[in-house]
Amino acid sequence: RAAEALARLRPTEPIRAAFIKALEKDGNPAVRITAIEALSRAARAQDDASLEALRERAQDPAETPQLRTRVARALETIAL
């Protein structure tokens, strides 16, 4: 629930950093999905760090195929 509440806020540096960390390390799939959604919104607003975090997860062979697919779909919605 905390991640969902943060996702509703404007993506400030600390919020973005928390989502990047959650995407990299959180064991809860729901939190990671929320992080993907929040970071993709930030990336659409030209946030390079969010975009890079998403790209790294999409290409990380250690990630689950489901997460990599979810990130790849999010990246497809971002006009580069």
Side-chain angles (χ1 to χ4, degrees):
R1 294 189 182 258
E4 291 172 2
L6 283 176
R8 290 186 202 109
L9 300 175
R10 188 174 69 74
T12 62
E13 177 69 29
I15 291 173
R16 187 184 72 237
F19 279 124
I20 290 172
K21 184 176 180 180
L23 182 57
E24 292 173 353
K25 299 180 182 191
D26 200 292
N28 184 335
V31 170
R32 296 183 88 193
I33 289 169
T34 300
I36 291 167
E37 293 167 355
L39 290 171
S40 67
R41 280 193 300 276
R44 279 188 217 101
Q46 307 303 315
D47 181 76
D48 293 336
S50 296
L51 184 57
E52 184 61 28
L54 292 169
R55 286 181 175 155
E56 287 174 6
R57 292 302 103 200
Q59 297 175 2
D60 187 347
E63 290 295 347
T64 65
Q66 295 87 353
L67 185 102
R68 288 177 32 207
T69 299
R70 186 80 177 231
V71 173
R73 286 183 183 151
L75 286 169
E76 289 173 357
T77 68
I78 300 168
L80 302 176

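Hydrogens, waters and symmetry mates play no part in the numbers below; they use all other heavy atoms, side chains included. Since the structure is predicted, the reported quantities are computational estimates derived from the model, not experimental observations.
- Side-chain contact check for Val71 versus Leu39: every heavy-atom pair is 4.5 Å or farther apart.
- Nearest heavy atoms, Thr34 versus Ala7: CG2-CB, 3.9 Å.
- When side chains are defined from C-beta on, Phe19 does not count as touching Leu23, because their heavy atoms never get closer than 4.5 Å.
- Ser50 and Ala43 get closest at one heavy-atom pair: CB-N, 4.0 Å.
- Here Asp26 pairs with Ala22, Asn28, Val31, Arg32 under the side chain to side chain contact (heavy atoms under 4.5 Å, CB included) rule; sequence neighbours left out.
- In terms of heavy atoms, Ile20 sits closest to Ala49 at CD1-O, 3.9 Å.
- For the pair Glu56 and Asp60, the minimum side-chain heavy-atom distance is 4.5 Å or more.
- Every side chain to side chain contact (heavy atoms under 4.5 Å, CB included) that Glu37 has, sequence neighbours left out, goes to Ile33, Arg41, Arg70.
- Electrostatic pairing of Arg16 and Glu13 counts as a salt bridge here, judged by a charged N lying under 4.0 Å from a carboxylate O.
- With rounding to the nearest 0.5 Å, the separation of CZ in Arg57 from CG in Leu67 is 8.0 Å.
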Is there a side chain to side chain contact (heavy atoms under 4.5 Å, CB included) between Leu75 and Leu51? Walk through the geometry before answering. CA-CA 8 Å; Leu75 286 169; Leu51 184 57; 3.6 Å; yes
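- The shortest side-chain heavy-atom distance between Arg68 and Gln59 does not fall under the 4.5 Å cut-off.
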